[in-house]
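Encoded as structure tokens, the structure appears first; notes follow it.
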Amino acid sequence: MSAFAKAFSPALREIRVLCSQSGQASEGTRQFLLSTYPIIKKHNPDLPVMIREASGTPARVFARFEYGVEKHVELDNLSSSDVATKVGQLLTVP
């Protein structure tokens with residue numbers, strides 16, 4: 001989780017997390033959010049982090065950067081540590 005214990009690049013404008021609030025495929029994503037969200041917000045208080053839960057939604061994270069550049073990763077059926085690795089890679093400046 002140490003990758004999240006720092007301020008992100010100013011080029012990162014928004015993080016959006018989509019997952020199912022009860023689906024087994026989103027369990028790792030939910031655990032990641034519970035453990036990491038407070039750390040991210042502590043070091044990036046002005047960064048919008050939107051969490052959208054809906055039944056049956058595949059787990060994924062979107063990152064929007066400056067100039068409208070947007071990237072995403074699929075997180076279904078991943079453990080919390082695998083989710084942290086993929087999200088850490090996603091949040092690097094393109």
### Query
With side chains defined as the heavy atoms from C-beta onward, is the minimum distance between Lys71 and Thr92 less than 4.5 Å?
yes

### Message
Restricting to side chain to side chain contact (heavy atoms under 4.5 Å, CB included), what partner residues turn up for Ser79, sequence neighbours left out?
### Response
Ser81, Asp82

### Message
Under 4.5 Å side-chain heavy-atom separation, chaining through any Ile, Leu, Val, Met, Phe, Trp or Tyr, what else clusters with Phe62? Say none if it is isolated.
### Response
Leu18

### Message
I need the Leu91 CG to Phe4 CZ distance, nearest 0.5 Å.
### Response
6.0 Å

### Non-neighbouring partners of Glu14 that pass salt bridge (Lys or Arg N to Asp or Glu O under 4.0 Å), sequence neighbours left out
Arg16, Arg64

### Task
Taking the side chain as every heavy atom from C-beta outward, state whether Ser26 and Asp76 have any pair of such atoms under 4.5 Å apart.
yes

#### Entry: N/O donor-acceptor pair under 3.5 Å between Gln21 side chain and Ser55 backbone
yes

### Query
Does Tyr37 have any side chain to side chain contact (heavy atoms under 4.5 Å, CB included) partners at least two apart in sequence or in another chain, and if so, which?
Lys41, Val49, Ile51

#### Entry: Considering all heavy atoms, the nearest Pro45-Lys42 contact
CD-O, 4.0 Å

### Query
Ignoring hydrogens and geometry, is there a side-chain-to-backbone donor-acceptor pair from Ser35 to Phe32 under 3.5 Å?
yes

### Query
Taking only residues two or more places apart in sequence or in another chain, which ones pass side-chain hydrogen bond (donor to acceptor under 3.5 Å, both in side chains) with Glu74?
His72

### Query
side-chain contact (heavy atoms from CB on, under 4.5 Å) with Ile15: which of Val87, Leu47, Leu90?
Leu47

### Task
Report the residues that fulfil side-chain hydrogen bond (donor to acceptor under 3.5 Å, both in side chains) with His43, sequence neighbours left out, ordered by chain and then residue number.
none

### Task
For Asn77, check side-chain hydrogen bond (donor to acceptor under 3.5 Å, both in side chains) against everything at least two apart and list the hits.
none

### Query
Heavy-atom distance under 4.5 Å between the side chains of Leu78 and Thr29, does that happen here?
no

### For Arg30, all residues meeting side-chain hydrogen bond (donor to acceptor under 3.5 Å, both in side chains), sequence neighbours excluded
Glu27

### Message
Just to verify, what does Ser22 make a side chain to side chain contact (heavy atoms under 4.5 Å, CB included) with, not counting sequence neighbours?
### Response
Ser20

